[in-house]
Amino acid sequence: EPGLYVAATPIGNLGDVTYRVIETLKAVDRILCEDTRHTAKLCAAYGIATLRAPYHEHNAAAVRPGLVAELKAGARFALVSDGGTPLISDPGYKLVADARAAGVRVTPLPGPCAAIAALSAAGAPTDRFLFAGFPPVKAGQRAAFLKGLAHIDAPLVFYESPTRVADTLMATKEAFGARRAVVARELTKIYESIEAGDIAELGDRFSRTEPRGEFVVIVHPPALTAAPDEADVDAFIARALQSMSVREAAAAAADALGLPRKAAYERALTLKERK
Ligand code: SAM
């Protein structure tokens, strides 16, 4: 079918690509790449001979109108980034918006995304979360950005570079106080690691030597300091039960609200039975 296919590609392990993405990359007229050399590796691994053209932040404004005109005339393009899902801290949003505004069909081809991979293995409550992308680089702007997120009652997910991950953890400590966090590094690659701890402790660990690789930082929501009232506990558990088992909902409530595990489990069981 004519249209724009937004294709997720591996974030490290080349095995993490879907059949549908490979078939589509083979069939389209052109693959729009963040970096054509990078995508060449995926194409070589799967025998994809389709023409590749660059679409990145430096040429996007210049080439977008022409691409949309071609799509309108019936072209079939795939959009990929260097890794993961296009548009998620990656180029493509204006192309998708303009294509849709021009009546072009836009089809997502889902697959890897570092934020989702990290959340799936971090052990933070996941019934909701806020994806915050890359924090600003300048210290003042970063502090203001983090302050604006401090009150949010959900895990926060950040992308960060190896040179800034320790600074960001420390800035997060300044803005949020003591909280649990998880640092997921090099997901799906040889040196994959997922480390949990207090934010300050993790900041200290990663500041000792400059770490290598790619990072996702997840900061747990604020724990309530005063004993939570019953209605808050019930609301939290009921929300968690929408996507979790009784055991998982109880563990999430115990972690987030500082409740004894047994009490959280009993309450979750009662609420589940009442449904
Ligand atoms: N669109 C991509 C996605 O869906 O995940 C994200 C692109 S963004 C430019 C790149 C950032 O994603 C990295 O700096 C890092 O924070 C995170 N990232 C990408 N691959 C990763 C991996 N294998 N392990 C940990 N973090 C990763």
Side-chain angles (χ1 to χ4, degrees), residues 4-18 20-21 25 31-39 41-42 45 54-60 78-97 106-124 126 129-137 142 145-146 149 155-172 181-197 199 202-203 205-206 210-219:
L4 179 63
Y5 296 84
V6 184
T9 55
I11 54 170
N13 188 321
L14 277 182
D16 293 335
V17 64
T18 68
R20 194 165 166 229
V21 165
L25 294 182
I31 305 172
L32 308 176
C33 312
E34 189 182 359
D35 179 342
T36 51
R37 285 164 308 176
H38 197 99
T39 303
K41 290 180 207 148
L42 181 73
Y55 183 82
H56 45 64
E57 58 178 321
H58 304 296
N59 75 345
L79 174 71
V80 299
S81 66
D82 284 352
T85 302
L87 277 79
I88 308 301
S89 294
D90 263 339
Y93 131 72
K94 287 187 180 159
L95 179 62
V96 168
V106 179
T107 306
L109 303 182
C113 173
I116 301 297
L119 275 167
S120 74
T126 42
F129 62 87
L130 189 140
F131 175 63
F134 286 95
V137 174
R142 184 170 54 205
F145 168 83
L146 292 173
L149 298 172
L156 305 171
V157 184
F158 301 96
Y159 283 165
E160 198 43 287
S161 75
T163 49
R164 283 190 287 272
V165 69
D167 283 354
T168 289
L169 285 163
M170 290 310 190
T172 310
V182 176
V183 177
R185 167 167 43 171
E186 294 286 88
L187 293 168
T188 80
K189 305 188 206 176
I190 295 173
Y191 296 107
E192 175 180 281
S193 72
I194 299 175
E195 296 181 53
I199 336 179
L202 287 167
R205 211 180 295 169
F206 285 100
E210 191 178 299
R212 295 215 188 132
E214 299 195 277
F215 291 85
V216 179
V217 176
I218 297 175
V219 179

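Numbers here simply count residues along the sequence, with the first being 1. Note that this is a predicted model, so its numbers are computed, not measured. Quick note: numbers below take in every heavy atom, side chains included, and nothing from hydrogens, waters or symmetry partners. Every number for a ligand or one of its atoms is a count from 1 in the order of the listing.
Under the 4.5 Å side-chain criterion, counting only non-hydrogen atoms from C-beta, Leu169 is not in contact with Arg164. At least one side-chain heavy atom of Tyr159 sits less than 4.5 Å from a side-chain heavy atom of Ile88. Val216 is listed as a side-chain neighbour of Val157, based on a closest heavy-atom distance under 4.5 Å. You'll find the side chain of Leu87 reaches within 4.5 Å of the side chain of Val6, heavy atoms only.
Summary of contacts: the protein heavy atom closest to atom 22 (C) of ligand 1 is Leu187 N, 3.5 Å. Of the protein's heavy atoms, Glu214 O, 3.2 Å lies nearest to atom 25 (C) of ligand 1. Looking at atom 7 (C) of ligand 1, its nearest protein heavy atom turns out to be Asp90 OD2, 3.2 Å. Residue, atom and distance of the protein heavy atom nearest to atom 16 (O) of ligand 1 are Phe215 O, 2.5 Å. The single protein non-hydrogen atom nearest to atom 18 (N) of ligand 1 is Ala114 CB, 3.4 Å, given as residue, atom name and distance. Distance from atom 9 (C) of ligand 1 to its nearest protein heavy atom, with residue and atom name: Ser89 O, 3.1 Å. For atom 3 (C) of ligand 1, the nearest protein heavy atom (residue, atom name, distance) is Tyr159 OH, 3.5 Å.
The closest heavy-atom contact to atom 1 (N) of ligand 1, among the options Val183, Asp82, Ile88, comes from Ile88.
In Thr85, the parts holding a heavy atom less than 4.0 Å from any atom of ligand 1 are both the side chain and the backbone. Under 4.0 angstrom from ligand 1, the non-hydrogen atoms of Phe134 all belong to its side chain. Only side-chain heavy atoms of Lys189 come within less than 4.0 Å of ligand 1; its backbone N, CA, C and O stay farther off.
Heavy-atom neighbours of Lys189 NZ from other residues, nucleotides or ligands within 6.0 Å: above the threshold of 12. Other residues, nucleotides and ligands contribute more than 12 heavy atoms inside 6.0 Å of the CZ atom of Phe134.
Checking only distances, Gly84 never comes within under 3.5 Å of ligand 1, N or O to N or O.
Judged by the shortest distance from any of its heavy atoms, Gly83 lies inside the 4.0 Å radius around the atoms of ligand 1.
With respect to the salt-bridge test (charged N to carboxylate O, under 4.0 angstrom), the residues Glu214 and Arg185 do not qualify.
Residues Phe215 and Phe158 keep their aromatic ring centres 6.0 Å or farther apart.
The distance from atom CG of Leu156 to atom CD1 of Ile218, rounded to the nearest 0.5 Å, is 10.0 Å.
Residue Glu186 approaches ligand 1 through these ligand atoms, each under 4.0 Å from one of its heavy atoms: 23 (N), 24 (N), 25 (C). Every atom of ligand 1 with a heavy atom of Glu160 under 4.0 Å away is listed here by number and element: 14 (O), 16 (O).
With no hydrogens or angles considered, a side-chain donor-acceptor pair links Asp90 and Ser81 at under 3.5 Å.
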